[in-house]
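To keep things clear, I will list the structure first and then write my remarks on it.
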Amino acid sequence: MQVVKLSLKKANKIPIEADNVNPDNFAGKTAEEIKAISVWHGNGQFPLGDLFNVEVEGSDSVENTMIVFEGDVSRVKRIGQNMSAGEIEINGNVDMHCGFGMKGGKVVINGDADSWLGCEMTGGEIILNGNASYYVGSGYRGEACGMRGGKITINGNTKDYLGEHMCGGEILVKGNVGLLPAISNNGGKVVIEGNATMPASEMKNGTVIIKGEVSDLLPSYKEEGTEEVEGVTYRKFVGDVNVGGKGVLLIK
Amino acid sequence: MKIKANLISGRTANQGAHLEAKTHKGYFDACAYCELNSADLEKLGASEGDSLKVTTEFGEVVVFAKANGGNPDGLAFIPMGPWANAVLSPDTHGCGMPGFKGVPAEIEVTDEKPLDMKSLMKKYLED
Amino acid sequence: MSEILIKNASVCDPAQGINCETMDICIRDGKIVDSVSENAKVIDAEGKLTMAGGFDGHTHSAGKINVGRFINPNDARKNLVPGLSGQVARTEKTRAQVGYNTPNTYAIGYRYAKLGYTTICEAAIPLLAARHTHEEFKEIPILDKMGLSLFGSNWQVMEYIRDKEPEKLAAYIAWGLKASRGYGVKIVNPGGGEAWGWGKNVSGLYDPVPNFDVTPAEILMGLAEANERLQLPHSVHVHCNNLGKPGNYATTIETMKLFEKVKPSRDRQSLHVTHVQFNAYAGTSWRDFETGAPMVSDYINGANHLTFDLGQVIFGPAVTMTADGPVEYANSRMLHEKWSNQDIELEDASGVVPLFYSPKSFVNAVQWAIGLELALLVKDPWKIMFTTDSPNGGSFVNYPEAFTYLMSAKRREEVISGFSKMALDRMVLPGIDRELDFYELAVMTRSAQSKIYSRPEKGNLKAGSDADIAIYDILPGQIDPATEYQKVKKAFSGAAYTLKDGVVVVKDGEIEATPKGRIYWVNAKVPENIDSPMQKDLDLKFKKYYTVSKSNYMVEDMYLENPVEIGTEGVF
Amino acid sequence: MPVIKDAVCSLCGSLCDDITVTVEDNKITKIENACILGHSKFVGMFEHDRIETPMIRKDGELVPVSYEEAIEAAAKILVNSKRTLSYGWCSTSCEAISGAIKLAEETGSLIDSTANVCHGPSALAAQEKGSPSASLGVIKNRADVIVFWGCNPVHAHPRHMSRYSSFSKGLFTEKGRKARTMTVIDVRKTDTAKLADKYVEIEQGSDLLLVTALRSIVNGHEDVVPETIAGVPKAEIIELAETLKNGKFVCIFFGMGVTQSRSKYKNGDAMASLISDLNQHTKAVMIGMRGHYNVTGFGQVATWETGFPMAIDFAKGYPYYNPGETGANDLLVREEPDAAIIAAADAGAHFPQKAVRHLARIPVIQIDPYANPTTELADVVIPSAIVGIEAEGTAYRMDAISLHMKKLIDSKFKTDEEIVKDLTVKVRELKRGA
């Protein structure tokens, strides 16, 4: 097991771009090597060690590498981007694009996450023990596919455009979501235990289950009886009719 | 008496005509007001020209009352400009655009007078 | 005075019939000359294939491409051809670059230069929006540029043809070229743009255009007559009716036949048919869709009045952009894709739709094959310009990849091996064993263009020509392109040297310098007694129908950097 | 006395190019054809508060300095910044915009336009679904069904209806207003609504519900639409859908009522799909009513130079784009910028309080002809010539048609283009020195 502990040397408003900070890039490296990794901060590049305190215990493979952030990293973007294995634990709030393009491994956030959590991820797991902002599990601007695989669990609330353009994988939100969850999705499964507004607009494929209140159901779904999932009976809606969709929207 | 209203902002011809004269009183007159329909003004006990305090989650601002029969009940309009922006939503909703329309507001009559542009901006420097 | 001596180059220059002979090339002040002094800077080109700079005769690189960029921000980060795509930070010499199919203007200039290309022809300039095209031209570094102006669904054009006013029509074309600073006459789906104004299309050469009482055939013949009357350097450049529809090869051949009676006014073709791949489809629907390339090639082999370009497909993402408005709408509905449309008042239509060519799709596989079939079945390479109709068939950065398809049957087999049986049944490519050599490739990528566009100073290495030169790190005699195609691709992907007007702009595949290129445009002279009544008709159009003033319509001189005005005398 | 014909009005996105201007003693004394906004622009400039000289804030007060001093002070701010926000560039020429983009690239800044608070969501919508549009003359000549959705041209684009839309006459619309059906969809009965054949009042923030209902009806799924939605009875929506389907040529003009309300760009996104669906029945297009006269130009220039229309972050040397992360307001609300350059736009007036509060905290460089709320916050103020009156240049109309703006009178002020160039030279000089 290799454990890399990172904490910010000083609070920052200008975000640090930590797209290099993942187990794939840290495994087997010494503290000195990790400190030398270059990251963007504003319009300049700096060695990681200039911005973070770095402690390394052990040396191991990617699968057995764990990165732990202590304290607030709410202005550190792209933590865990493209990671394929290993684990990241964040004990504080985290900035945008955490777990972007993630392929495997696990990210646990004990705090809130800013927008684009788990964007375009294809595998692995993200567990958020706080609230998320906009565009969880969505795609980059203009892309037809967002999240394609893996699982995101949000134990708090999240805001608009959850799972936008989702093509696969699973998202579970224990709290409420904002506007237009699962918009333009084409596969995958979204479960929302709290409330949602205008769900599943232009869904082509996929399943959306909402256990709380739904406001402003879009006038593009056909109601087709009921369906039972895990002992609970839901009203079943099929659509979006305007995209010839075969998506299933289950509402309590 | 307070009423709850849904606040929107937008362009007007007069605001547009003063875009390049924002230090003038004409700009103040063109932007430092809130339109409600006459039923809502009546509820407030306000007449055109009275001062109204508009309060939202994001701040408060004092503007003049103005009647507009085209507004449905509970819809308040302040022309785009620094007065409206004192109370509109800074949340960009993940897509860059602040909340310039559809901000829940409380409106009441006040004795305070609207601040002129420079005084309004000065408050930001003092913050 | 600046002099360069390129020593011991392995020169391939079809215009002079030179086929990979070792020789020196001398350059003085940007031109190729017979000899230089001892003070000339020496470039050692021993063992290197040396050709005139490449000339892309049909590309969408300024104007409409901006819509493609706009609706596809996701293209900016695509890096499918490393070194020639993706995000690249600025350097002291170069501006920042992004994109693959729709790169920013700077990337277009740098990447063409890296491929050894030095001249491009933008395939579609809407007259009313011409200023925009020239604004983008200004920001494309290194390359010489020209553009073709759209006339195929223009009210004034259709009215003059309907009213049988050929002289006024020629005067209008001359004015339109001047207004848009265009180089030639482009006709896209003649009449179809006007029909699209009502959400309709024309179905073939003899389907009348709604409200204008002319047929596509009449538009083609009218414009060809005007083109030759004005003695323009290029022939009419035609995107045929029914593009992209199964069975359209018949319309294409019919269009070609129509031009047998057109007498060219200069030593060039009387018709150029563009991206024929998209217009050589047989079958009656997408279900029985198959190649029409053999029929089209047969006709072209027996004809001497026309040239064409390929519109070769490259597998992967592409962005279609064309003045053929109805085709783009149909694409977007069929493919469930984003759709941009821009109709231009009184003039034309246009659309932009991204798509993905997959070797697993039998239609896409057959499309890919048709482009190559055309290139290989047509015997005379001087009739062909190699293009992907970038980025319609795919981005120009894939040209080196496409060259390997032309030069190696083995490479083609590799690709074909991934096709379905159904796809193989619908193409003839597997039975073609022809492999192009470097000489033929040089014809299709630079020399034919020089002839087709009447630009004798381009596409060859004769004394007096522009010193636009590409030197590739590959030696024809010592490599077998049929088997060593990866080496061919590598060499063409990053020129050892590219010279533009005698300036080294690329060295070892990297940008060295970024001079500004020229803009070629045609000023065709029309007698006053014909021009002035035409202007009166035009005044009325502006007064009643246009939303801009006539005086604000013409592209002003300040938008042209290093303009080269090509004068021609109209025959009236 | 010189009379200049066909001058381009540089106020709103209609970019009227038929203005006749009379100039006497280097002053504009007469304006013909302009609307109230244009008139105010051309004539008002001699009455409004010009910034008379470059200024630098010292001890809280703006003190007059030379152009050289102001440029040097501005360049120092830029060179010392790790995250500059460059904002505005919409009431200026494409040439100045091009220079501003180059400066942003060289300084690793983030550059954004006024689309951030206007039609930015329309760009995001186009990136989802495309932009099915047409030049304005196509509407003039063909459109028999015109819808104004969440826009109020009587106020924002006063000549729009007479030059391009409702009242204009063209080849297939000889009867003008009589030949057209005009519908207004809005949350309150605006002055534009008062001119319409049909006014549909919707609940504020429910545009997406109405667009979706229209799509469902147009696509033959009337059954899924409830009796009332978006505050509009189903029968009224069906009638509207019929009007759209039965038109020969339909144009929906849309404004900030669509881009700024609840579901933001998803409204325009769905509207583009509605347009595509309508084309199964007739011909239909949509056009955004752009505000600043050259905000469209910023989008065009930025797109060809950087690949993106707005919100472009050059921090890493190449362009990166993601509104919501790289928009001017995103940055300010997160208090990221440590310096700002605001030109040809007025963030002080048009940004919400939280963003303005951050501007008040950081060094701000302003480039503008006129004093405005941003001036109150600025640390370096650089006055510029008025483009379209005192300086020539290119601008793009709301339908992406570009026009060349003439210079009508002489000015003692530097142009935006010159200022940006000088600033770039100075920045290079300081960087080399460092």
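Below, chain A is the first sequence line, B the second, and so on; all start at residue 1. Hydrogens, waters and symmetry mates play no part in the numbers below; they use all other heavy atoms, side chains included.
- Looking at L179(A), only its side chain comes within 4.5 Å of chain D, counting heavy atoms on both sides.
- Taken from CE in M96(A) to CG in D330(D), the straight-line distance is 6.5 Å, to the nearest 0.5 Å.
- If you tally non-hydrogen atom pairs under 4.5 Å between each of Y161(A), Y135(A), W116(A) and chain D, the highest count goes to W116(A).
- The shortest heavy-atom contact between V224(D) and P219(A) is CG2-O, 3.4 Å.
- No donor-acceptor pair closer than 3.5 Å links the side chain of N43(A) to the backbone N or O of F314(D).
- Within the 4.5 angstrom heavy-atom criterion, only side-chain atoms of T197(A), from C-beta onward, approach chain D.
- By number of non-hydrogen pairs under 4.5 angstrom with chain A, the leading residue of A230(D), P337(D), P226(D), G324(D) is G324(D).
- Put simply, of L218(A), N12(A), D240(A), the one with the most heavy-atom pairs under 4.5 Å next to chain D is L218(A).
- Looking at S220(A), both its backbone and its side chain come within 4.5 Å of chain D, counting heavy atoms on both sides.
- Highest contact tally toward chain D, considering only R75(A), H41(A), Q45(A), is held by R75(A) [criterion: heavy-atom pairs under 4.5 Å].
- Of all the listed residues (D160(A), L180(A), V241(A)), the one sharing the greatest number of non-hydrogen pairs under 4.5 Å with chain D is V241(A).
- At a heavy-atom cut-off of under 4.5 Å, chain A is reached by S263(D), K264(D), Y265(D), K266(D), D269(D), A270(D), S273(D) from residues 263-274 of chain D, listed in order of number.
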Taking only distance into account, with no hydrogens and no angle test, what donor-acceptor pairs under 3.5 Å do side-chain atoms of residues 14-22 of chain A form with protein atoms, sequence neighbours excluded?
| unit_1 | atom_1 | unit_2 | atom_2 | d |
| --- | --- | --- | --- | --- |
| E17(A) | OE1 | R78(A) | NE | 3.1 |
| E17(A) | OE1 | K316(D) | NZ | 3.3 |
| N20(A) | ND2 | S38(A) | O | 2.8 |
| N22(A) | OD1 | D24(A) | N | 3.2 |
| N22(A) | OD1 | N25(A) | N | 2.9 |
| N22(A) | ND2 | Q81(A) | O | 3.0 |

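- Residue E224(A) qualifies as enclosed at atom CD: its count of foreign heavy atoms under 6.0 Å is above 12.
- Neither the backbone nor the side chain of E223(A) comes within contact range of chain D, judged by heavy atoms closer than 4.5 Å.
- By the 4.0 Å N-to-carboxylate-O rule, D216(A) lies close enough to R262(D) to be salt-bridged with it.
- Within a 6.0 Å radius of NZ in K245(D), more than 12 heavy atoms belonging to other residues, nucleotides or ligands are found.
- Between chain A and the options L210(D), I217(D), L208(D), D277(D), the largest number of non-hydrogen pairs under 4.5 Å is found for L208(D).
- For H165(A), the part lying under 4.5 angstrom from a heavy atom of chain D is the side chain only.
- In this structure, the portion of Y140(A) lying under 4.5 Å from any heavy atom of chain D is its side chain and not its backbone.
- Looking at T107(D), the atoms closer than 4.5 Å to chain A (heavy atoms on both sides) all sit in the backbone: N, CA, C or O.
- Only the side chain of L124(D) has a heavy atom closer than 4.5 Å to any heavy atom of chain A.
- Ranked by heavy-atom pairs under 4.5 Å with chain A, the first of E325(D), Q127(D), E128(D), K129(D) is E325(D).
- Contact of D313(D) with chain A is not made at all, since no heavy-atom distance falls under 4.5 Å.
- Under a cut-off of 6.0 angstrom, the local environment of NZ in K76(D) is sparse, with at most 12 non-hydrogen atoms contributed by other residues, nucleotides or ligands.
- The part of D114(A) that comes within reach of chain D is its side chain, from C-beta onward, which places non-hydrogen atoms under 4.5 angstrom from that chain.
- Nearest approach of K222(A) to H221(D), heavy atoms of both residues: NZ-ND1, 3.6 Å.
- When heavy atoms are compared at a cutoff of 4.5 Å, L217(A) approaches chain D solely by way of its backbone atoms N, CA, C and O.
- For chain A, the nearby part of I229(D) is the side chain; its heavy atoms alone come within less than 4.5 Å.
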